[in-house]
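Side chains included, hydrogens not; waters and symmetry mates left out as well; all remaining heavy atoms used. The shown structure was predicted, so the numbers you read here are calculated from the model rather than taken from an experiment. Naming: A, B, ... by sequence-line order, numbering from 1 per chain.
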Amino acid sequence: MSTMTDPPKESFKLGMLIYDTRYRSITIQIVALIGFLILAGWLINNTINNLAVLGKPIDFTFLRDPAGYDINQRLIDYNSQSSHWRATVVGLLNTLLVAVLGCITATVVGVIVGVLRLSNNWLVSRLMTVYVEIFRNVPVLLWIVFTMAILIETLPAPRDFRGEDPEASMLLFDSVALTNRGVYIPEPLFSRGLGDLPILPDTDSPACAIPEDGGPVSDSCGMFQISLDFLLIAAVFLAGLYASSKIRQRADRIQNQTGDRPTTWYLRLGVVMIPTLAVLAILGFHLGMPELQGFNFQGGIYLRNSLIALWLSLSLYTAAFIAEIVRAGILAISKGQTEAAAALGLWPNRIMSLVILPQALRVIIPPLISQYLNLTKNSSLAIAVGYMDLTGTLMGITLNQTGRELETVLMGMLVYLSISLAISAGMNLYNQRVKLVER
Amino acid sequence: ATLDDVKARGKLNCGANTGLVGFAAPNANGEWEGFDVAFCRAVAAAVLGDPTAVEFIPTTGKTRFTALASGEVDLLARNTTWTFTRDIDLKFEFVGVNYYDGQGFMVPKELGVSSAKELDGATVCIQTGTTTELNLADFFRANNISYEPVPVETDNEAQQQYLAGACDAYTTDASGLAAVRATFETPGDHILLPEIISKEPLGPLVRHGDNDWGDIVRWTLNALISAEELGITSANIDELSSGTDNPEINRILGTEGSLGEMLGLEADWAKNAIKAGGNYGELFEKNVGETTPIGLARGLNAQWTNGGLLYSPPFR
Amino acid sequence: MSEMSAQREIDRSHMQVSDEVAIQITHMNKWYGTFHVLRDINLSVHRGERIVIAGPSGSGKSTLIRCINRLEEHQSGEIIVDGTELSSDLKNIDKIRSEVGMVFQHFNLFPHLTILENCTLAPIWVRKVPRKEAVETAMHFLEKVKIPEQANKYPGQLSGGQQQRVAIARSLCMKPRIMLFDEPTSALDPEMIKEVLDTMVELAEEGMTMLCVTHEMGFARQVANRVIFMDQGQIVEQNEPEEFFNNPQHERTKLFLSQILGH
Amino acid sequence: MSEMSAQREIDRSHMQVSDEVAIQITHMNKWYGTFHVLRDINLSVHRGERIVIAGPSGSGKSTLIRCINRLEEHQSGEIIVDGTELSSDLKNIDKIRSEVGMVFQHFNLFPHLTILENCTLAPIWVRKVPRKEAVETAMHFLEKVKIPEQANKYPGQLSGGQQQRVAIARSLCMKPRIMLFDEPTSALDPEMIKEVLDTMVELAEEGMTMLCVTHEMGFARQVANRVIFMDQGQIVEQNEPEEFFNNPQHERTKLFLSQILGH
Amino acid sequence: MSNTHYVRSEMLPEQEPPAATTGAIGWVRENLFSSAFNSIVTLLALAFIYWLLAQALPWMVSPTWHASSLTECREIIAELGYGGACWGIIRERWLQFMFGFYPKELYWRVVLDFILLFVALAPVLFTHLPRKMLYFSAIYPFLMPWLLWGGTIWNPVMAALGFVIGYLASRHLAPVLGNLAATILAFVLPVIWWIFLSGPVADGIASILPLAIQSVESRAFGGYMLSITIGVVAIALSLPIGILLALGRQSNLLIVRSLSVGFIEFIRGVPLITLLFVASTLLNIFMPPGTDFDIILRVIIMVTLFASAYMAEVIRGGLAALPRGQYEAADALGLDFWMAQRLIIMPQALKISIPGIVSTFIGVFKDTTLVSIIGLLDPLGLSRAILADAAWNGLVWEIYGFIAVMFFIFCFSMSRYSMYLERKLQTGHR
Ligand SMILES: Nc1ncnc2c1ncn2[C@@H]1O[C@H](COP(=O)(O)OP(=O)(O)OP(=O)(O)O)[C@@H](O)[C@H]1O
Ligand SMILES: Nc1ncnc2c1ncn2[C@@H]1O[C@H](COP(=O)(O)OP(=O)(O)OP(=O)(O)O)[C@@H](O)[C@H]1O
Ligand SMILES: [Mg+2]
Ligand SMILES: [Mg+2]
């Protein structure tokens, strides 16, 4: 037996930085950090030098200058005298608009196609496969350009609606016009409207300038205006939904107690619809029909071709991926689950809603959300069809007119990054909530 | 200095358009052709003695200035409008004007419009990334009429939209309009409106600060213009370069004086430049003139002696 | 295969076989594509009978019992369950499925629902039983399979034996008159097999009509009225358990038994 | 648990225990987070000793032997292997790891390499042995574990027992002076357990110092000098095998043995 | 209860299934007309297909192959009274679509390069091929740029020499200097070699022994050749970077991990087009004054960074699929971190990741169309340039259709291949 001795008190040696596991990791990290800082410093130093040579120090004041160009689709007030900053916001809103619309459509189409690919009708499932393969294997940019070309070439021009015996006519009782400039649909108007609520007063906005005659500032002064009519209707509608959900809860209770589920759909429909309709009537709701006047249709809501092309192509492209995700998600739920449910006597629709979907969703949603992310990022290809999104305004015309590449591109990247991070944060939250409980 | 770089490289890097009818486009053999392209070749011939010693670097409206500023191209010959801010704020040097243009409108005849001021409420196609957007906004604002801009990336897409009736009017530089109209199936169904809403002096540009290089490009352009004025053509240049009675011709062709040396080039620099594709008039006729499908008239781009604006300073 | 350790004396008093026919199969044939899986099956099961089906792998045992509650469709012949003929008529299928409970080899519990919800789902949605009542029934059967305390856990948190017992309870909650078992113990660890078999013996004691595909010969001896031996999609031999095990007639049966018991 | 069928008389002539200490553990403690897995472990192993470690699941057996070759880090106390103290010094760790071989429950062979490559990898890259020599050694040990003919197959093509023997050969190729085994047979089918135990017995006969976590009591009886019983992270009892099995002292040991042997 | 006993006397033979359930009729009935609803759907689908073909076919069948300008083409169509597509432009320009402005007489180099690419990939993708072919795979990364860009052979040789130096350092310095120092030197020495020595040495040797082929500027690259070059180079370069990033992301060193995560999430969070803007407008600003990469090189850098972030995630998936036991076994055998990675972990993780790598490649390849937005002449960019030719100005569908079909063929065959691999990896587990 060896005798026990006290371990010799080690003194710190330089070699320990490398060979001692306790210090080694710190050493590596510090080396990594220094390496990173050197690289970053080098890049920044180069940038500063280069900018000095070019005579363009980093400077964001250009954002306050008037933009000078017009944007056709603007969700907030904007004209060519507004600032570049405002043009950026207009672009960002356009980006968000097409992203949200695209995600919704892509999901709907993707789910339908994904389910149909599993159809027992050979022809249908084959057609869906063809759709998925064609869309997945051709670049999205090509689809965007394609869709735009199709819209332009196949739909009638406004001039075709003109004349004694027009070549084209409006649809749905003259309320919808499909033209190669876009789609005009009726817009909601209120003859006794409540006006707008400006929020975020924006001193840049021309509307906020104090009129020369010293009169009051126009009431459309604000970064955004929200229609009070819309707020009121939404509030009433939501209240109706709330009441309806209460009715459903009552039905659930009754079912729990007696086993029979009372028929409530008409009650629920009524509780939602009647107050909403009443408010609409009070506000003097009517539809503003698009009408051919001058060069264009006037009135109505105008969905420009660029928006439609981008929206359609992004949705269809992403839907092809979503279809695969949905299909894989459903297939991932083993056949045993369906059989067990069928053996219990559940009907196919109930099997789907009670057994398959709740499980499939857990598999589907995470990749689905990353498709949303892709769609949002792909929406930056809007410039290919002249849709004025963030890339078109800030990183497009603004960059080009002001020559501020560094500032605009960095800002643009930052905005996209924040959108992406927000979406992924949402996804992580969801993932944590739905984890299956395991041993 | 740029000149040394170019000589060392043996090639001129010339920023061109990614494709604009008559001004720059690759042919089936992959060779670039067009009016701007021909100017680049002339510069290459002047500097290196070889009109084919050019690399064409396609640039878009967005990338062109960066390409020039970063030194990626030695010269930008891409119908770029000479403006104050580009000259001063963006720190470039325009060496002259090789095409006087102005922004105009094209509309279908059947629209029944005879003036741009009647375009209230019209949908107008514009190419983004140029000065046209700003001019358009200013024009409609000044006349207090409304319009709907439809921005498009390339000339091609603009044509497509315009022909399909997705826009009522197409606005770009008048030369571009004429060129585009020429390729239509029925050019006669479209008219150019009389208003020219802007001045668009298009010219080659180089980086600020390298004056020697700027001089070479400027005087190559001037040599081409002077050559037309003095009747030097690619056909008679060899004959003329054996000596003439006109001292200016002799100076240009390097048989008299030492202009080439002053520029740091060979004595026959201008001769090479002119021989590359011909004088200004020849280049114009060959690429965009009335005999081509594009069919542009000389108009403002005629020599001053013919009532145009082309006016080269004297070679002396 | 683990023998049941305690061959306890079971109470056979309820295990009366009535004259009433619960399942009647005549000249039933089934193909998968061109492959003839079930060939001219004739079988009648009386109410209260407990039948064990044995046979080599691929002989069509699973297919047979899956045909009985129409998880598979047969192509010719007749299957009458509780007086209702199985045809493509959806109403008949529904009726039969709510009369016939089925327990699978891999349990097939719904992993996103708690044990209790697994058990109440079908009664509530198919039988339209009030939730309160459904919960009571479920707790009753969970007690019977001896895991009432797990009611609020998720299937993933239970051991295999516990999961299989939940699966049995889930079927029982629909108050079926016939139970089908498809190798209920073959995916389980040896310690857990006993728990499940005990539960099944208890069910048998209460007089449930049972068709059970299993290789647990101890179980067959203990509770079955009849053992059916299948090979190549046909019923090759059937007999009372003692006779079947001690005195097999057909060559195939002998071979099979020698393999399975000689182990 | 399968008893070893042939309790053959083994040759104990080599199995001498020297006075030299191979492993010395003093007052060693280890925590996972705040959970105290190993509590004041004191153990010295002499060269040539064969120690079996037993104990209920979760008692810290694996953790203990994983500490010995620093797959886990201990937080206090001292572990001296072959005179080298296990500290955070990488050189010591490397030295000890090449002295100590380890065999895992799940073999952990490298599936993308052939058996031979599995065995020559570490000698070539760690010991810098010429390839030819490494191959020779590997074949030697593969013969010893009786599967030289499998040398060019991939692990996936072998049975579990063969894989485990390869894992042993792989460790031996590094010529370790001490071997650690962590339940080497518990992932195997009963038929294969014997093959692996035979190999281990042979190793023991040659006088290898061995620490073996196992529940194979036949093996323990046959080769161990000492059995160590652990519970709740502590060494509860240690004794010579005969004494340990026939005359356990501690309550826990008794309970454990009754469970494990009464089965 | 009496008929309990039964023994079959003779076994039944297998019989044919009822006629209606097999054969073509059975198939049609089961797959197309199994219910009234299904029949309606089938008819609707047929009608849709008919409509689609009726629209597209007459346009496509257009004998305009020999037209040499749009006007000529229009005349032909007007004469025939049917058709609509002008295929002449494809005949005239398809070589340009394939090779861009690459010198005609050197096309063989490009073709050879891509054939060799398959030879180099073969041993990686098909494991039953002789292992010796892997040597060629190792040489290929140096051969490929040389064939494409041309120039002296000494440049690729010197570049390869850097790796040899690294290898020798790690192999032979370890016994002298210890493992860590050797590892560090194995990284540092090649870098020093590449930055300071390889250029002059290459020039030196080239002046003595000028082995060179005609060099081609990257500006001459265009069309599909450009797309494939960007795609292949970016994927190949992104592999090592992706591996390092994946390891960094898995590491338990906080700073290393945060840097990796930061990089990966940043790149994945912004659209590729913004990265291309950086390439076209900013990259030169970040570099020391006077540096001038050509734009294709800059694009390749940015696309590589982009692909690396995605690659890192793919490889992370492969790493996560490896059982912990593999790490522990490597540790227990005394392999150090890098050895374990190189010999044990990466070979397995990469193999698992191949399908993911292929789909990343498809994604990158499709995304190369974005370079047209910054003025590079990939097929899409080229189509715009070509349409600026006065002879063809005004065509759209023929060209977009051609580009789309080509992309479809490339991507579809690759995605099928990756699906095949996925299946093989799932089932063919040795
Ligand atoms: N969906 C199917 N399609 C085609 N053949 C099938 C299908 N299901 C089962 N079979 C085949 O039918 C035969 C009978 O299968 P079945 O599952 O009924 O056998 P089994 O007796 O239950 O066997 P085991 O003991 O292995 O469960 C087998 O040969 C099987 O391969
Ligand atoms: N990485 C870890 N982190 C936290 N706790 C752990 C970790 N590894 C093991 N444990 C816990 O430490 C305790 C001892 O584990 P150990 O694996 O050593 O037990 P064991 O005696 O080998 O058990 P078994 O017979 O099941 O293998 C257990 O309670 C286990 O849950
Ligand atoms: Mg079965
Ligand atoms: Mg353990």
Who wins among [options] for the most heavy-atom pairs under 4.5 Å with chain A?
options                                    : value
Thr281(E), Val28(E), Asn38(E)              : Asn38(E)
Thr369(E), Ile409(E), Val405(E), Asp367(E) : Thr369(E)
Asn252(E), Leu259(E), Leu272(E)            : Leu259(E)
Ile362(E), Val256(E), Val278(E), Leu370(E) : Leu370(E)

Using a 4.5 angstrom heavy-atom cutoff, name the option from [options] with the most pairs to chain E.
options                                    : answer
Ser418(A), Ala149(A), Ala384(A)            : Ala149(A)
Met413(A), Met395(A), Glu153(A)            : Met413(A)
Val138(A), Asn121(A), Leu417(A), Val415(A) : Asn121(A)
Leu373(A), Leu421(A), Leu381(A)            : Leu381(A)
Thr391(A), Leu414(A), Val145(A)            : Val145(A)
Leu406(A), Ile419(A), Leu51(A)             : Leu406(A)

Check whether any side-chain heavy atom of [X] lies under 4.5 Å from a side-chain heavy atom of [Y], and answer yes or no.
X         : Y         : result
Phe408(E) : Arg136(A) : no
Trp42(A)  : Pro288(E) : yes
Ser415(E) : Glu133(A) : yes
Leu127(A) : Ile49(E)  : yes
Val270(E) : Ser420(A) : no

Donor-acceptor pair between Asn284(E) and Asn50(A) side chains, under 3.5 angstrom: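 Asn50(A) and Asn284(E) do not have a side-chain donor-acceptor pair below 3.5 Å.
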
Chain E heavy atoms under 4.5 Å from [X]: which part of the residue, side chain, backbone, both or neither?
X         : result
Asn49(A)  : side chain
Ile134(A) : both
Phe146(A) : both
Ile150(A) : both
Leu43(A)  : both
Val124(A) : side chain

Got more than 12 heavy atoms from elsewhere within 6.0 Å of [atom1], [X]?
X         : atom1 : result
Trp397(E) : CH2   : yes
Phe60(A)  : CZ    : yes
Trp338(E) : CH2   : no

Taking every non-hydrogen atom, the tightest pair across Ala45(E) and Leu123(A): CB-CD2, 3.7 Å

Over all atoms of both residues, closest heavy-atom pair of Leu141(A) and Ser372(E): CD2-OG, 3.8 Å

Name of the residue among Ile44(A), Asn45(A), Thr47(A) meeting side-chain contact (heavy atoms from CB on, under 4.5 Å) with Phe286(E): Thr47(A)

Let me know if [X] has heavy atoms under 4.5 Å from chain A in its side chain, its backbone, both or neither.
X         : answer
Leu254(E) : both
Ile285(E) : both
Arg257(E) : neither
Ser258(E) : neither
Ile373(E) : side chain
Leu253(E) : both

Any residue of residues 422-429 of chain A which, by heavy atoms, sits under 4.5 Å from chain E: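 From residues 422-429 of chain A, none sit under 4.5 Å of chain E.
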
Flag, side chain of Gln29(A) to backbone of Ile255(E), donor-acceptor distance under 3.5 Å: yes

Ile273(E) backbone acceptor or donor facing Lys377(A) side chain under 3.5 Å: no

